[in-house]
Amino acid sequence: MKEKIESLLAEIESLVCKTENEIEEARVRLLGKKGEITRLFEEFRTVPSEQKREFGQKLNQLKTAAASKIEAMRSAVQETGSSKASFDLTKPGDAYPLGSRHPVSIVREEIVEIFRKFGYDVAEGPEIEDDWHVFEALNFPPEHPARDMQDTFFISSSANSILLRTHTSSVQVRAMEKLPLPIRIVCPGRVFRNEAISARAHCIFHQVEGLYIDENVTFADMKQAILLFAREMFGAGSQIRMRPSYFPFTEPSAEVDVSCNICHGKGCNICKGTGWLEIMGCGMVDPNVLEASGIDSRKYSGFAFGMGIERIAMLKWQVRDLRNYFENDLRFLREFETSL
């Protein structure tokens with residue numbers, strides 16, 4: 001009997017069945033009413049008393065091994081069968097919907113590409129800045145309101161304050177300090193201001209600022225560059241107008257309006273009946289700003305401009321609530337799936 005038990009145990013360990021029918025045949029042959037293991041239990045009655053304990057344990061182990069093997073093979077066959085039923089490799093694959101670029105990213109790239117065509121390079125800088133690059137080098141006097149806590153997120157208030165940049169003009173300062181002349185750059189990036197969030201304002205937004213410094217740069221050069229940009233961005237028939245304004249780092253300074261691309265100057269609710277939409281601020285770089293960065297203001301001159309990317313996107317797609325750009329509502333973002 002010992003040889004039979006060992007032989008059956010070896011057979012069970014090497015047993016392989018690939019179908020339900022083969023598994024059932026193996027079960028009947030081993031564990032059925034007339035199976036080989038069942039017959040060994042019948043022979044067990046004739047075993048001498050002193051050997052019953054030893055052979056009883058071996059028979060129970062043999063039966064347990066056979067039942068476990070049968071169950072494992074049945075589970076494996078059922079899993080294989082269910083996977084075949086679930087996946088038909090001859091069928092075409094499922095079409096998963098693709099996302100799209102964020103509208104702010106779309107407009108940012110469009111603005112940058114327009115100025116690339118005009119010969120501008122792209123410059124970037126840190127979002128955490130010091131007082132020199134954000135304010136002092138840009139001709140902000142110490143008492144200027146933009147230095148107050150209600151406008152700026154200050155990180156430290158030491159002698160050289162650390163803060164979140166309020167404009168990408170700080171990148172222009174770094175460019176003037178390091179790049180060889182002439183300089184022709186655009187500076188896209190995220191900026192921060194301590195403002196209440198509403199439909200028309202946010203504490204985080206994005207800007208693209210531009211800077212051109214060379215010999216004999218004039219206000220007329222700036223106007224021409226902005227006009228060409230407006231026509232590339234809003235249509236070939238677009239016109240611009242400039243209104244006097246004030247910025248500490250430019251003199252003279254101006255606000256730039258573009259003719260409304262919805263009503264074409266006739267007046268509508270988007271332009272509030274004026275026929276014009278404000279798009280940016282600009283001006284000739286103040287000589288003090290040039291000198292602060294080590295540029296000879298008697299030899300070189302230049303102009304700078306800056307626009308909010310969200311503002312341009314609002315005008316481009318007539319979006320009335322600035323908060324839509326930050327809430328990641330898929331219903332809103334799906335409207336730009338074709339704007340790739």
Side-chain angles (χ1 to χ4, degrees), residues 107-126 129 132-140 165-189 191 206-234 238-258 278-309 311-312:
V107 173
R108 176 188 185 276
E109 281 305 308
E110 189 171 352
I111 294 171
V112 168
E113 285 306 312
I114 290 172
F115 283 103
R116 280 188 192 274
K117 291 194 294 185
F118 299 163
Y120 286 72
D121 293 323
V122 176
E124 296 183 337
E129 269 287 8
W132 168 261
H133 290 95
V134 175
F135 293 132
E136 192 167 345
L138 290 168
N139 205 34
F140 281 82
R165 66 184 182 188
T166 58
H167 44 206
T168 55
S169 301
S170 57
V171 182
Q172 297 180 18
V173 175
R174 291 183 177 274
M176 288 188 287
E177 291 174 340
K178 297 178 181 179
L179 296 181
L181 296 168
I183 297 173
R184 186 188 283 114
I185 58 171
V186 286
C187 312
V191 298
H206 300 78
Q207 284 185 334
V208 174
E209 297 196 24
L211 175 69
Y212 178 37
I213 298 177
D214 201 350
E215 296 183 36
N216 303 315
V217 176
T218 67
F219 197 96
D221 295 324
M222 178 180 67
K223 183 177 180 181
Q224 182 68 13
I226 294 173
L227 176 61
L228 291 174
F229 164 74
R231 289 180 174 175
E232 289 279 343
M233 191 74 194
F234 299 105
S238 297
Q239 299 295 325
I240 64 169
R241 70 176 184 182
M242 293 183 168
R243 294 175 285 106
S245 186
Y246 165 76
F247 304 109
F249 38 87
T250 56
E251 179 60 37
S253 304
E255 297 281 357
V256 181
D257 300 331
V258 65
E278 181 183 327
I279 59 170
M280 70 173 73
C282 65
M284 301 300 295
V285 179
D286 192 294
N288 291 337
V289 174
L290 295 175
E291 295 291 343
S293 297
I295 297 174
D296 186 353
S297 61
R298 293 168 297 180
K299 182 178 180 181
Y300 293 97
S301 58
F303 63 77
F305 56 85
M307 68 194 86
I309 298 178
R311 172 68 174 169
I312 301 297

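Just so you know, residue 1 is the first one in the sequence shown, and it goes up from there.
- L179 is listed as a side-chain neighbour of I185, based on a closest heavy-atom distance under 4.5 Å.
- Shortest non-hydrogen contact noted between A292 and A137 is CB-O, 3.9 Å.
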Show, in sequence, the C-alpha distance, side-chain angles and deciding distance for R243 and E278, and conclude whether the salt bridge (Lys or Arg N to Asp or Glu O under 4.0 Å) test is met.
CA-CA 10 Å; R243 294 175 285 106; E278 181 183 327; 3.6 Å; yes

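- Checking each of I111, V256, I279 against M307 for a side chain to side chain contact (heavy atoms under 4.5 Å, CB included) leaves exactly one that passes, namely I111.
- The shortest distance between side-chain heavy atoms of F247 and E255 falls below 4.5 Å.
- Contacts of F219 classified as ring-ring contact (aromatic ring centres under 6.0 Å, His included), with partners at least two apart in sequence or in another chain: none.
- The two residues I183 and A175 have their closest heavy-atom pair at CD1-O, 3.8 Å.
- A donor-acceptor distance shorter than 3.5 angstrom exists from the side chain of S253 to the backbone of T250, with no hydrogens or angles considered.
- Residues M242 and C282 come closest through the heavy atom pair CE-SG, 4.1 Å.
- For the ring pair (Phe, Tyr, Trp, His ring centres under 6.0 Å) condition, the pairs that include at least one residue of residues 279-309, sequence neighbours left out, are F115-F305, Y212-F303.
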Apply side-chain contact (heavy atoms from CB on, under 4.5 Å) to the pair F234 and I312, showing each step before the final yes or no.
CA-CA 10 Å; F234 299 105; I312 301 297; 4.1 Å; yes

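- The two residues F140 and P248 have their closest heavy-atom pair at CE2-CG, 3.8 Å.
- Using a 4.5 Å cut-off on side-chain heavy atoms (C-beta onward), H206 and P188 make no contact.
- Checked against side-chain hydrogen bond (donor to acceptor under 3.5 Å, both in side chains), S170 has no partners two or more places apart in sequence or in another chain.
- In this structure, the separation between OG on S293 and CG on N288 is 11.0 Å, given to the nearest 0.5 Å.
- Listed for the R165 side chain is a donor-acceptor partner under 3.5 Å among the backbone atoms of G125.
- The pair E177-R174 fails the salt-bridge criterion, with no side-chain N (NZ, NE, NH1 or NH2) lying under 4.0 Å from an Asp/Glu carboxylate O.
- Between E232 and K117 there is a salt bridge, since at least one side-chain N of the basic residue sits less than 4.0 Å from a carboxylate O of the acidic one.
- Looking at every heavy atom in both residues, R116 comes nearest to V122 through NH2-CG2, 3.4 Å.
- Contact check for M176 versus L211: side-chain heavy atoms found under the 4.5 Å cut-off.
- By the 4.0 Å N-to-carboxylate-O rule, R184 lies too far from D121 to be salt-bridged with it.
- Contact between R231 and S238 at its shortest, heavy atoms only, is NE-O, 3.0 Å.
- Under a 3.5 Å cut-off, the side chain of Q207 and the backbone N or O of T168 do form a donor-acceptor pair.
- The closest side-chain heavy-atom distance from L181 to I213 is below 4.5 Å.
- The main-chain N or O of D221 is found under 3.5 Å from a side-chain atom of T218 such that the two form a donor-acceptor pair.
- Between P252 and M284 there is a side-chain heavy-atom pair separated by less than 4.5 Å.
- Distance CD1/I114 to CZ/F229: 5.0 Å, rounded to 0.5 Å.
- Salt-bridge check for E215 with R298: failed, with every basic side-chain N at 4.0 Å or more from each acidic carboxylate O.
- Between atom CD of residue Q239 and atom CG of residue D257 there is a gap of 13.0 Å, rounded to the nearest 0.5 Å.
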Report the C-alpha distance between V191 and T166 in whole Å, list the side-chain angles of each, state the deciding distance to 0.1 Å, and finish with yes or no for side-chain contact (heavy atoms from CB on, under 4.5 Å).
CA-CA 5 Å; V191 298; T166 58; 5.9 Å; no

Mind running side-chain contact (heavy atoms from CB on, under 4.5 Å) on E209 and H167 for me, showing each step along the way?
CA-CA 8 Å; E209 297 196 24; H167 44 206; 3.3 Å; yes

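- Annotation: side chain of D296 is in contact with side chain of E291 (closest heavy-atom distance under 4.5 Å).
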